[in-house]
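I have placed the structure first, in the form of structure tokens, so that the comments after it can refer back to it.
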Amino acid sequence: MAKFGFLIDYGLCIGCRGCEIACRKEHNRPEGESGIVVKKIEADENGGKPVFLPFHTEKCNLCGKRISQGKRPACVHNCWGQVLTFGKIEELAELMKGKKRVVLSAPR
């Protein structure tokens, strides 16, 4: 069975937190409990502009129900900036090549 995960291009993230909201809504979770969180990092080397880094938590289940219906995970579907890409780890690793601000995430 192929291992699935997310390619996160944090250079594109504007910190809207749409992914967090979508995850909580999809899984009926309370405020502050999500399968993905967005952290704000102050970065002087970025011209004083903050950098936002979304990352999946231990609560992420890859939206198994949505995937079985041929849909993308809620966080990916609701990401306005196309920061998140879902797919097979091997394919995502290929997409990483040549990109500077990406992270490959493989939640369990």
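Sequence positions, counted from 1, serve as the residue numbers for this chain.
- At a threshold of 4.5 Å between side-chain heavy atoms, the hydrophobic network of Ile, Leu, Val, Met, Phe, Trp and Tyr places V76 and L62 in one connected group.
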Indicate every side-chain donor-acceptor pair of residues 92-100 with a distance under 3.5 Å to a residue at least two apart or in another chain.
unit_1 : atom_1 : unit_2 : atom_2 : d
E94    : OE1    : K97    : NZ     : 3.3
E94    : OE2    : K97    : NZ     : 3.0

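- The hydrophobic side chain of I21 is isolated, with no ILVMFWY side chain under 4.5 Å apart from it.
- The shortest non-hydrogen separation linking S105 to I89 is O-CD1, 4.3 Å.
- Nearest heavy-atom pair across G5 and P107 is CA-CD, 4.5 Å.
- Looking at residues two or more places apart in sequence or on another chain, you find a side chain to side chain donor-acceptor pair (under 3.5 Å) between R72 and H77.
- Sorted by first and then second residue, the ring pair (Phe, Tyr, Trp, His ring centres under 6.0 Å) pairs with a member in residues 48-74 read F6-H56; sequence neighbours excluded.
- Partners of E91 by salt bridge (Lys or Arg N to Asp or Glu O under 4.0 Å), not counting sequence neighbours: none found.
- For the pair E20 (side chain) and V38 (backbone), a donor-acceptor distance under 3.5 Å is present.
- Between N78 and C19, the closest side-chain pair of non-hydrogen atoms is not below 4.5 Å.
- K71 meets the side chain to side chain contact (heavy atoms under 4.5 Å, CB included) test with R66, Q69; sequence neighbours excluded.
- Smallest separation of non-hydrogen atoms from T57 and S34: OG1-O, 2.8 Å.
- The hydrophobic cluster around I14 extends to none of the other residues, as no ILVMFWY side-chain heavy atom falls under 4.5 Å of it.
- Nearest heavy atoms, G35 versus C23: N-SG, 3.1 Å.
- Atom CD of residue E26 and atom NZ of residue K65 lie 7.5 Å apart, to the nearest 0.5 angstrom.
- L104 and I8 fall into different hydrophobic clusters, defined by Ile, Leu, Val, Met, Phe, Trp and Tyr side-chain heavy atoms under 4.5 Å apart, directly or through other members.
- For E31, the salt bridge (Lys or Arg N to Asp or Glu O under 4.0 Å) partners two or more places apart in sequence, or in a different chain, are R24.
- A search for salt bridge (Lys or Arg N to Asp or Glu O under 4.0 Å) contacts involving R29 returns nothing, not counting sequence neighbours.
- Qualifying salt bridge (Lys or Arg N to Asp or Glu O under 4.0 Å) partners for K59, counting only residues two or more places apart in sequence or in other chains: none.
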Can you give me every donor-acceptor pair (side chain of residues 79-87, partner residue at least two apart or in another chain, under 3.5 Å) with its distance?
none

